[in-house]
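Have a look at the structure below before the remarks.
Since we're looking at a predicted model, the values are computed, not measured.
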Amino acid sequence: MMSQEQNDLITRTGPNDPCGKLMRSYWQPAALVDELEGERPIRPVRLLGENLVLFRDETGRYGLIDRHCAHRGADLAFGRLEHGGLRCAFHGWLFEATGQCIETPAEPKDSKLCQNIRQRSYPVVEKSGILWAYLGEGEPPAFPEIDCFVAPGTHTFAFKGHMACNWLQALEVGIDPAHASYLHRFFEDEDTSTAYGKQFRGASAGSDLPMTKILREYDRPIINVEHTEYGLRLIALREIDEERTHVRVTNQLFPHGFVIPMSTEMTITQWHVPIDDENCYWYAIFTSYSNSVDKKKMRDQRLELYELPDYKSRKNRSNDYGFDPHEQQTATYTGMGNDINVHDQWAVESMGAIQDRTREHLGSSDKAIVQYRRLLRQEIEKVGGGEKPMLFLDEANARSIQGPATMDGIGPTRGWETYWMEVDVKRRRGAPWTAPVPKEIAENVHRLTAAE
């Protein structure tokens, strides 16, 4: 258990909150590039409790500025894109991407009022299908050279979804290896050849065993947690017999992301971004190490559940997440359909807008969550003391963080420690793009053996 004060410390991300100051030390996903397609590339954005408006001007430059006009507070999300900026529809004040006011047309012709008017603004960059914003002070950090940022656009796909809860409980479900054997349990296995674009529906590497069967029948994983330069590495072991063990390697990417295997050829890098303290978006980049991503199929699959323009789930609290008691008895553990995003959403939203951690009782299977919370408090304290937190990189050190390695496969019960690295290295060396082998993995894998 923890105190209410401790819970507030690690959940609240407003501008004056300690965790909010930590979050503002990093680039944050603000929108999908897709959201600014079309004739009017303007989008209201609420991020870390701040109300902003995101736009793309006629030259292609992105701007992220305060949503309410510096004149008299009208909503700039209804503004006009013209003459190199975003013009307020109330009195015609015009703001460029930097937030500088460049025209106040209702004022006298010789007025210099606009020279002293600047809307608060934040820098925006486009990377792997996501528009990233930096809400912190000073020079922003460099992006680490992790796979989802190194892979070409043909081999990545970005999407997002809304959750009506605090960012931390949404993240913690992703660093909880044990829950998948229950929350995502299916009583029957599908044809794994139809698993493209679906998590936990394919076969594990090195076997024809469906992941659904492994999770269902081996539900007491041994969980190892290792501290890394980017956060945490989680290794979940499910022993099948004396000769074979299922190995699943995932990663917590500080501060609020994780990297997990989706299939033998694809990984998911996902961030849980605070809209405010009671809502968040997950942003995911799917990265392929083999064929280019079928983006239309991936997008169409996800739009079966998520509605535009706000990317909210059609299955939600208002309709009991599609709960079907007959299905719960015969087909799925939750009775909420086959999409695991719905399962996760129910689990984290059912805790309340902000989980009351003063009432929880953690077990040994929660060791990754315990380690992450300690790490989070440690880095909050660092920022409070004026230090740079973990993974705040400069350009010279951006290449120091690569990968990170993930794996989902059946390996030898004795020798799994090397096996999972070999599987990851083999996949990287076979990729049609230059997928770097993380240094720590390369140092431990001198040749391919069991994985081949």
Side-chain angles (χ1 to χ4, degrees), residues 21-29 123 125-128 130 132-134 136-153 155-156 171 174-175 224-235 249-261 267-273 283-285 287 289 368 371-372 374-376 378-383 385-407 417-418 420-429 431 433-446:
K21 292 178 181 177
L22 172 72
M23 290 297 182
R24 284 166 175 77
S25 298
Y26 302 93
W27 288 99
Q28 297 287 340
V125 297
E126 179 180 338
K127 211 164 186 64
S128 299
I130 295 175
W132 300 77
Y134 181 66
E137 298 178 357
E139 193 69 21
F143 283 86
E145 291 196 4
I146 57 177
D147 294 336
C148 65
F149 297 146
V150 174
H155 285 68
T156 63
L171 168 68
I175 55 173
N224 297 330
V225 181
E226 302 172 1
H227 285 257
T228 66
E229 290 183 303
Y230 52 79
L232 303 172
R233 178 183 297 118
L234 286 58
I235 303 177
V249 180
T250 62
N251 304 273
Q252 194 288 309
L253 184 67
F254 201 79
H256 52 13
F258 58 69
V259 186
I260 60 176
T267 60
I268 304 172
T269 307
Q270 186 162 306
W271 295 265
H272 293 81
V273 183
Y283 281 82
I285 301 174
T287 306
Y289 296 90
Q371 292 294 319
Y372 172 72
R374 288 176 183 167
L375 180 61
L376 181 59
Q378 169 191 298
E379 298 306 306
I380 289 173
E381 186 175 335
K382 264 196 203 175
V383 171
E387 296 180 57
K388 298 298 185 186
M390 166 181 278
L391 219 58
F392 187 99
L393 305 171
D394 57 25
E395 291 292 343
N397 293 309
R399 296 195 65 187
S400 66
I401 305 297
Q402 296 182 327
T406 67
M407 208 282 287
E417 298 92 339
T418 304
W420 74 262
M421 296 184 191
E422 293 172 346
V423 170
D424 182 69
V425 171
K426 182 180 180 182
R427 178 172 61 180
R428 292 173 182 280
R429 290 177 178 168
W433 51 277
T434 304
V437 178
K439 183 180 178 182
E440 61 172 329
I441 304 299
E443 290 174 348
N444 286 289
V445 179
H446 304 294

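- Looking at Glu379, its side chain does come within 3.5 Å of a backbone N or O of Met390 through a donor-acceptor pair.
- Closest of all the heavy-atom pairs between Arg233 and Ile441 is NH2-CD1, 4.3 Å.
- Between the side chain of Tyr289 and the backbone N or O of Arg429, no donor-acceptor pair lies under 3.5 Å.
- For Phe149 and Trp132, the gap between ring centers is short of 6.0 Å.
- Remark: Gln371 CD is packed, more than 12 non-hydrogen atoms of other residues, nucleotides or ligands lying under 6.0 Å away.
- Not one N or O on the side chain of Glu226 forms a donor-acceptor pair closer than 3.5 Å with the backbone of Leu234.
- Within 6.0 Å of the CD atom in Glu417, the count of heavy atoms belonging to other residues, nucleotides or ligands exceeds 12.
- Put simply, the side chain of Glu443 reaches to within 4.5 Å of the side chain of Lys439, judged on heavy atoms.
- Judged by distance alone, the side chain of Asn444 and the main-chain N or O of Glu440 form a donor-acceptor pair under 3.5 Å.
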With side chain to side chain contact (heavy atoms under 4.5 Å, CB included) as the criterion, how do Tyr283 and Ile285 come out once you've worked through the C-alpha distance, each side chain's angles and the decisive distance to 0.1 Å?
CA-CA 7 Å; Tyr283 281 82; Ile285 301 174; over 6 Å; no
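- A heavy-atom distance below 4.5 Å is not found between the side chains of Ile146 and Gln402.
- With rounding to the nearest 0.5 Å, the separation of CD in Gln28 from CE in Met23 is 6.5 Å.
- Atom CG of Leu22 is separated from atom NE2 of His256 by 9.0 Å, given to the nearest 0.5 angstrom.
- In this structure, the side chains of Thr267 and Arg427 come closer than 4.5 Å at one or more pairs of heavy atoms.
- Residues Leu253 and Leu391 have side chains in contact (heavy-atom distance under 4.5 Å, counting atoms from C-beta outward).
- If you take SG on Cys148 and CH2 on Trp271, they are separated by 4.0 Å, rounding to the nearest 0.5 Å.
- Across every non-hydrogen atom of Pro29 and Ile130, the tightest pair is CB-CG2, 3.8 Å.
- Side chains of Phe254 and Leu376 form a contact here, defined as non-hydrogen atoms less than 4.5 Å apart.
- For the pair Asp147 (side chain) and Ala435 (backbone), a donor-acceptor distance under 3.5 Å is absent.
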Would Asn251 and Thr228 count as a side chain to side chain contact (heavy atoms under 4.5 Å, CB included) if you check the C-alpha gap in whole Å, the side-chain angles of each, and the deciding distance to 0.1 Å?
CA-CA 9 Å; Asn251 304 273; Thr228 66; 5.6 Å; no
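- Under the 4.5 Å side-chain criterion, counting only non-hydrogen atoms from C-beta, Pro404 is in contact with Tyr230.
- By the salt bridge (charged side-chain N to carboxylate O under 4.0 Å, His left out) test, Glu145 is found to be paired with Arg399, residues two or more places apart in sequence or in another chain being considered.
- Note: Ile175 CD1 to Ile260 CD1 = 12.0 Å, rounded to the nearest 0.5 Å.
- Interatomic distance, CE of Met407 versus NZ of Lys426, reported as 12.5 Å (0.5 Å rounding).
- Contacts of Phe258 classified as ring pair (Phe, Tyr, Trp, His ring centres under 6.0 Å), with partners at least two apart in sequence or in another chain: His272.
- The minimum heavy-atom distance between Trp27 and Pro123, with the atom names listed, is CZ3-O, 3.6 Å.
- Pro141 approaches Phe392 most closely through the heavy-atom pair CD-CE1, 3.7 Å.
- For the pair Leu375 and Gln378, the minimum side-chain heavy-atom distance is below 4.5 Å.
- Of all heavy-atom pairs spanning Pro255 and Leu171, the tightest one is O-CD2, 4.0 Å.
- For the pair Val437 and Arg428, the tightest heavy-atom approach, listed with the atom from each and the gap, is CA-CD, 4.0 Å.
- Within the 4.5 Å cutoff, side-chain heavy atoms of Thr287 are placed close to those of Trp433.
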